[in-house]
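In what follows, chains are A, B, ... by sequence order, proteins preceding strands, each numbered from 1.
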There are 2 protein chains.
Amino acid sequence: MNELLHLKSAGLKSTLPRLKVLSLFESGSDRHLSAEDVYRKLLASGDDVGLATVYRVLNQFEQAGLLVKHHFEGDKSVFELNQGDHHDHIVCLQCGRVEEFFDATIEQRQKKAAADRGFELHDHSLYIYANCIKPKCKYRN
Amino acid sequence: MNELLHLKSAGLKSTLPRLKVLSLFESGSDRHLSAEDVYRKLLASGDDVGLATVYRVLNQFEQAGLLVKHHFEGDKSVFELNQGDHHDHIVCLQCGRVEEFFDATIEQRQKKAAADRGFELHDHSLYIYANCIKPKCKYRN
DNA sequence: TTGCTAATGCTAATCATTCTCATTTGCAAT
DNA sequence: ATTGCAAATGAGAATGATTAGCATTAGCAA
Ligand SMILES: [Mn+2]
Ligand SMILES: [Mn+2]
Ligand SMILES: [Zn+2]
Ligand SMILES: [Zn+2]
């Protein structure tokens with residue numbers, strides 16, 4: 001239904017691997033997934049998709065505006081569904097939990113910082129690295 | 001003189017490669033250098049230092065608090081002299097020029113964002129990606 | 001000056017990601 | 001329903017940045 005429209009409008013054929021990757025993000029157990037994460041989840045559910053294909057599809061989806069890519073501390077990048085709402089991230093250094101937030105003031109001051117220095121802001125990445133205080137953090141207690 | 005003190009207090013021997021890397025940053029033609037940048041510059045000035053050593057020294061210096069590491073868009077990370085003053089960066093997507101800035105309000109709101117959500121802020125990374133408007137940008141005009 | 005440990009410099013190994021290319025598959029036009 | 005073909009896939013090789021292993025060298029304390 002909706003997935004097809006998304007793919008079509010992006011000029012992408014509706015293939016099995018692409019539909020599976022997309023529904024993984026839409027089923028939404030975890031919002032932020034790396035290529036490896038996606039690959040493993042598909043394998044686990046009996047769907048055989050090559051790792052190279054996962055990488056390709058993720059990048060195509062990003063270019064099509066279906067996904068957003070982030071580079072949290074560490075080497076591998078993660079993707080999340082693009083729901084139109086820009087937000088930034090707080091990442092727990094101990095358990096890796098990711099919390100999203102949006103601060104209009106921060107956004108505004110960034111625009112100003114760029115403009116004041118003769119830049120045309122294109123986008124930005126803001127990651128806050130912190131430690132959970134909550135008991136949920138699996139590296140606490 | 002001063003370099004020696006820095007190295008000693010970090011528990012690092014005063015070796016030729018380390019002194020050369022450090023003076024490269026202190027001579028300060030370019031503030032932000034990748035391992036490859038450092039390697040090339042040393043070669044160019046006739047100093048033969050192995051690339052592996054460059055990587056090791058840069059990481060040691062970061063651990064010692066002499067340098068700060070950044071991950072701008074792209075794969076390779078860059079280092080800059082740690083002069084105590086925290087700041088964030090605006091990177092030109094066309095020419096790669098880097099401009100530094102500090103905004104107390106942004107810093108403050110980040111602390112608050114973390115605290116409000118039960119996090120103990122450790123640090124953060126904020127990169128603004130933009131396009132130069134200035135004529136200096138080598139990909140303009 | 002000696003001796004020993006830390007540091008260096010090769011090279012080989014990692015690791016994530018991309019590329020190659022032979023084989024399949026979606027899909028539009030019969 | 002068939003056919004034709006460009007686009008997509010999958011397996012594995014290639015890449016590029018960074019790190020690890022190890023034999024050799026060089027600080028530095030005695
Ligand atoms: Mn998010
Ligand atoms: Mn800087
Ligand atoms: Zn946590
Ligand atoms: Zn520029």
> How many Å lie between NZ on A:Lys20 and P on C:dT25, as a whole number?
12 Å
> Which nucleotide wins on minimum distance to the side chain of A:Ser77, given the candidates D:dT18, C:dT11, C:dT17?
C:dT17
> Starting at atom CG of B:Asn59, determine the distance to atom P of C:dA6, rounded to an integer number of angstrom.
19 Å
> Inspect the surroundings of NE2 in B:His122 and state if more than 12 heavy atoms from other residues, nucleotides or ligands are less than 6.0 Å away.
no
> My understanding is that only one of B:Val54, B:Val49, B:Leu42, B:Asp47 makes a side chain to side chain contact (heavy atoms under 4.5 Å, CB included) with B:Pro17; could you say which?
B:Val49
> Once you round it to whole Å, what is the distance between P of D:dA8 and NZ of A:Lys8?
13 Å
> Check every atom of C:dT17, C:dT8, D:dA11 against the side chain of B:Thr15 and return the nucleotide holding the closest atom.
C:dT8
> State which of C:dT18, C:dG9, C:dG26 makes the closest approach to the side chain of A:Lys13.
C:dG26
> Could you tell me how far apart A:Leu19 (CG) and C:dC27 (C1') are, to the nearest whole angstrom?
14 Å
> Starting at the 5' end of DNA chain D and moving along, which residue's nearest nucleotide shows up first, B:Arg56 or B:Asp75?
B:Asp75
> Expressed in angstrom and rounded to an integer, what is the separation of A:Leu12 atom CG from C:dG26 atom C1'?
13 Å
> Considering only C:dT11, C:dT17, D:dG12, which nucleotide approaches the side chain of A:Ala35 most closely?
C:dT17
> Compute the centroid of each ring, for A:His124 and then for A:His86, and state whether the two points are separated by less than 6.0 Å.
yes
> Can you identify which nucleotide, out of D:dT9, D:dG12, C:dG9, has its nearest atom closest to the A:Thr53 side chain?
D:dT9
> Between B:Lys112 and A:Asp103, is the closest basic N to carboxylate O distance under 4.0 Å?
no
> Could a donor-acceptor pair under 3.5 angstrom be found where the side chain of A:Arg18 meets the base of C:dG26?
no
> How many Å lie between CG on B:Leu43 and P on C:dG9, as a whole number?
11 Å
> How many whole angstroms separate atom CG of A:Leu51 from atom P of C:dC15?
14 Å
> Check the angle between the aromatic planes of B:Tyr127 and B:Tyr129 and answer parallel, tilted or perpendicular using the 30° and 60° thresholds.
tilted
> Can you tell me which nucleotide in C:dT17, C:dG9, D:dA17 comes closest to the side chain of B:Tyr55?
D:dA17
> Calculate the interatomic distance between A:Asp47 atom CG and D:dT9 atom P; express it in whole Å.
14 Å
> Using a 4.0 Å heavy-atom cut-off, does B:Ser34 contact any base of the nucleic acid, only the sugar-phosphate backbone, or nothing at all?
nothing
